[in-house]
Amino acid sequence: MPEVIYSLAGKKVYVAGHRGMVGSAIVRRLASEGCEILTALHAEVDLRRQDQVEAWMGKNRPDAVFLAAAKVGGILANHTYPADFLYDNLILEANVIHAAYKVRVEKLMFLGSSCIYPKFADQPIVEEALLSGSLEPTNESYAIAKIAGLKLCAAYRKQHGKDFISAMPTNLYGPGDNFDLDSSHVMPALIRKAHEAKVKGEKEIRIWGTGTPLREFLHVDDCADACIHLMKTYSAESHVNVGSGEDISILELAGLVAEVVGFEGQITRDLTKPDGTPRKLMSADKLRALGWSPKIGLKEGIADAYHAFLDGHYLERSNGTVSGDLMGQSDISFERAKTSARHAPTHATVAHHPSR
Ligand SMILES: NC(=O)C1=CN([C@@H]2O[C@H](COP(=O)(O)OP(=O)(O)OC[C@H]3O[C@@H](n4cnc5c(N)ncnc54)[C@H](OP(=O)(O)O)[C@@H]3O)[C@@H](O)[C@H]2O)C=CC1
Ligand SMILES: C[C@H]1O[C@H](OP(=O)(O)OP(=O)(O)OC[C@H]2O[C@@H](n3cnc4c(=O)[nH]c(N)nc43)[C@H](O)[C@@H]2O)[C@@H](O)[C@@H](O)C1=O
């Protein structure tokens with residue numbers, strides 16, 4: 001195991017975006033680190049507002065920050081709202097990173113995304129591929145904001161000696177995901193489509209695009225574990241890929257989700273929808289060399305995400321846009337105890353346990 005160079009024990013740790021999928025997983029994972037977790041509701045602190053961010057940071061003075069707040073969405077949302085994805089993310093990350101510098105935060109982690117890399121980068125994509133080619137148009141705005149965020153962390157390190165690091169997760173999924181079919185990523189969309197088709201007795205589900213694009217998936221609890229590992233053991237200017245090291249075609253993924261959910265009908269394609277990047281498998285070498293590897297396999301992870309969907313996690317995220325009718329709740333063929341144990345905090349030293 002690599003040496004712990006930054007201990008979170010006894011520290012005030014601010015998780016920005018604690019109600020989101022990743023932020024809530026980081027909060028769960030931090031429960032065993034013996035730290036005090038600080039959170040702020042979006043309604044109390046709009047991170048796009050510099051005055052609100054600086055006032056909150058000045059008052060609460062965190063020692064460490066996980067920046068897991070962002071405007072996030074799937075391929076269609078990114079494509080439809082490029083101004084929101086660029087503006088919100090640029091301003092939000094600039095506000096938090098600059099305020100963290102001003103109040104002398106000791107360590108900060110910025111979360112980017114695998115979409116920062118060129119559309120046709122060599123696979124698996126190494127960290128050095130950044131800015132070596134053109135971006136995928138469907139998420140160019142979001143990618144540019146994320147590249148700005150990681151460069152901002154590097155710049156505060158260079159100019160001010162701040163220990164601000166960046167992690168670039170691959171496509172994530174799990175409890176707390178967004179299951180709204182217009183704005184979600186592919187995994188929650190497939191889980192919802194397969195489940196609803198199964199309980200309604202429908203004969204097909206329709207996936208977007210050709211089904212040929214390849215994507216790499218990581219369960220959000222693995223992502224949170226990797227983030228905490230990096231926070232404790234990594235300190236350098238360059239960002240680190242956070243992935244599983246394996247990819248799968250969207251059509252194969254749809255088949256796997258259908259199997260897990262128990263949907264036995266056809267999978268058809270909506271060719272009016274975009275494919276996006278043909279392949280984005282990130283190299284896992286750097287993270288592996290830093291002593292971390294994933295623990296949750298894809299099929300097990302999908303079963304866990306499906307349980308979370310059935311448990312109604314998505315209802316809290318839907319803002320009324322989703323029916324909320326979970327039809328067929330009792331028809332669960334997976335073993336629950338194992339997955340729910342992973343979600344439970346193992347240590348109760350959290351001063352402020354946020355409510356969702
Ligand atoms: N999901 C994925 O597949 C991937 C995610 N990531 C990265 O992980 C991070 C978290 O993503 P994820 O958890 O999926 O996203 P979510 O949408 O689930 O969560 C985002 C969080 O950010 C908060 N937020 C957004 N805008 C503001 C704002 N203006 N002020 C205050 N809070 C705000 C939201 O609060 P509220 O809900 O209250 O509005 C929410 O808690 C992001 O940086 C994303 O880029 C990286 C790769 C893949
Ligand atoms: C994490 C990453 O997420 C986004 O990139 P993406 O990987 O292209 O996102 P996605 O999960 O929405 O789609 C993956 C693939 O799957 C196909 N697909 C099939 N059927 C459905 C479907 O029903 N819904 C969705 N959303 N996609 C579908 C879809 O057509 C595409 O080929 C970025 O915008 C950016 O935000 C980013 O960083």
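Counting convention: from 1, in listed order, for ligands and their atoms alike.
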*Closer than 4.0 angstrom: is that true for some heavy atom of K280 and an atom of ligand 2?*
yes
*Applying a strict 4.0 Å limit to heavy atoms, is P169 in contact with ligand 2?*
no
Short list, please: which atoms of ligand 2 are under 4.0 Å from a heavy atom of [X]?
X    : answer
N171 : 1 (C), 7 (O), 11 (O)
D275 : 31 (C), 32 (O)
P213 : 32 (O)
K193 : 22 (C), 23 (O)

Sub-4.0 Å heavy-atom approach of [X] to ligand 1:
X    : result
N178 : no
K146 : yes
D177 : no
G112 : yes
Y142 : yes

_Step-by-step side-chain hydrogen bond (donor to acceptor under 3.5 Å, both in side chains) determination, S244 to E246_ = CA-CA 6 Å; S244 61; E246 290 171 12; 5.6 Å; no
*Measure D88 to ligand 1 on non-hydrogen atoms and call it side chain, backbone, both or neither using the 4.0 Å cut-off.*
neither
Taking distance alone, with N or O pairs closer than 3.5 Å, would you say [X] contacts ligand 1?
X    : result
L172 : yes
H42  : yes
A69  : no

*Around atom 28 (C) of ligand 2, find the nearest protein heavy atom and jot down its residue, atom name and distance.*
V186 CG2, 3.4 Å
*Can you list the ligand 1 atoms lying under 4.0 Å from a non-hydrogen atom of G20?*
13 (O), 16 (P), 18 (O), 19 (O), 40 (C), 41 (O)
*Interfacing atoms of ligand 1 (cut-off 4.0 Å, heavy-atom, V45)*: 30 (N), 31 (C)
*asked:* Surrounding CD of E264 (heavy atoms of other residues, nucleotides or ligands, distance under 6.0 Å), is the total greater than 12?
replied: no
*Only heavy atoms count here, so choose which of Y117, F217, W208 is nearest to atom 25 (C) of ligand 2.*
W208
*Between the candidates P278, S184, A189, which shows the shortest non-hydrogen contact distance to atom 26 (N) of ligand 2?*
S184
